[in-house]
Amino acid sequence: VLTGAGISAESGVPTFRDADGLWERHNPMDIATPEAFRRDPALVYRFYNARRTQLARAQPNAAHEALARLQRDFPGEVFLVTQNVDDLHERGGSTQVCHMHGELLAMSCTACERSMRAGGEFDGSSTCPACGASGKLRPDVVWFGEIPYHMDAIEMRLAECDLFVAIGTSGLVYPAAGFVRHALAAGATTVEINSQLSEVTDLFHHQRTGLATAAVSALVDELLQQ
Ligand code: APR
């Protein structure tokens, strides 16, 4: 199962490319790149601090909870990979969530390169709790131009999957947008759940248009009944 920002939309977490999305209000090249962080770290710290504060107010929704139920009750293996950096899958009851774009509630230190859990606010004077370096902490999220995490594990699962479900992703950003091709090459059945058609809808055997809270719950009920 691959999820994108659309699965968290009904929890009040803005997506990137919908009408009120994050990239409608900020140029991603000013925020979500290593160059942007070098150029104006204060702007980047403020952006991620605001998203952390917003996330603390959000609750997981029925789609997150349905996937947790699928992981718990489905007789086969369920591998959940998300492009989202929020913790709503975990708070909805999922385990072993594969965050290919990192996590909002983690920071990494550019001096000692450790990654650590971190809530709250950060700025250029924050010091690394591991090595004490000051001003070297960055959000542990994968920015444009950086390599997503856990690609080996993801590609291994795609090569052997029977069913590939993409939920709430626009299919515009690679490598995630290409996962459906790997799944098709492995002979998997592919299902897309989205509130509208995506860039890669044509590559799915089944396309279910609707809000994630309703459509994911319905799909999970069907899968658990089979
Ligand atoms: N239910 C189902 N789908 C929804 C809902 C909803 N309630 N709300 C929005 N969507 C769909 C939109 O139609 C869109 O296709 O979710 C998708 C969100 O697309 P994006 O905002 O592009 O988010 P995503 O695909 O996750 O972006 C991928 O881009 O900026 C980078 O790193 C960032 O991980 C992100 C990546």
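When a residue number appears, it is its place in the shown sequence, counting from 1.
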Next item on the list: Would you please say whether a donor-acceptor pair under 3.5 Å links the side chains of Ser115 and Asp140?
Entry: yes

Item checked: Residues forming a side-chain hydrogen bond (donor to acceptor under 3.5 Å, both in side chains) with Thr201, sequence neighbours excluded -> Glu192, Ser198

Next item on the list: Kindly determine whether Leu137 and Met116 satisfy side-chain contact (heavy atoms from CB on, under 4.5 Å), including the steps that lead there.
Entry: CA-CA 10 Å; Leu137 288 179; Met116 57 213 85; 4.2 Å; yes

Checklist line | Closest non-hydrogen atom pair between Ser11 and Leu88, with its separation | finding: CB-CD1, 3.7 Å

Could you tabulate the donor-acceptor pairs under 3.5 Å formed by side-chain atoms of residues 160-173, not counting sequence neighbours?
unit_1, atom_1, unit_2, atom_2, d
Thr169, OG1, Gln83, NE2, 2.8

Notebook entry, point to check: Considering residues at least two apart in sequence or located in another chain, which fulfil the side chain to side chain contact (heavy atoms under 4.5 Å, CB included) criterion with Ala5?
Noted result: Thr15, Phe16, Asn84

Margin query: Salt bridge check, Asp123 against Arg46: does any charged N sit closer than 4.0 Å to a carboxylate O?
Written below: no

Next item on the list: Quickly, which of Val97, Leu158, Leu2 forms a side-chain contact (heavy atoms from CB on, under 4.5 Å) with Val81? Name it, please.
Entry: Leu2

Next item on the list: Using the test ring pair (Phe, Tyr, Trp, His ring centres under 6.0 Å), find all partners of His89 that sit at least two apart in sequence or belong to another chain.
Entry: His64

Checklist line | Residue pairs involving residues 204-222 (criterion salt bridge (Lys or Arg N to Asp or Glu O under 4.0 Å); sequence neighbours excluded) | finding: Arg69-Asp221, Arg208-Glu222

Notebook entry, point to check: Is Glu90 salt-bridged to Arg117, cutoff N-O under 4.0 Å?
Noted result: no

Next item on the list: Could you note down all residue pairs passing salt bridge (Lys or Arg N to Asp or Glu O under 4.0 Å) where residues 72-85 supplies at least one of them, sequence neighbours left out?
Entry: Glu77-Arg157

Check: For the residue pair Ala133 and Ala111, what are the closest heavy atoms and their distance?
Finding: CB-CB, 3.7 Å

Checklist line | Between Phe47 and His26, ring centroids under 6.0 Å | finding: yes

Check: Are a donor atom and an acceptor atom from the side chains of Asn49 and Arg52 found within less than 3.5 Å of each other?
Finding: yes

Next item on the list: Determine the minimum heavy-atom distance between Thr190 and Leu203, stating which atoms define it.
Entry: OG1-O, 3.3 Å

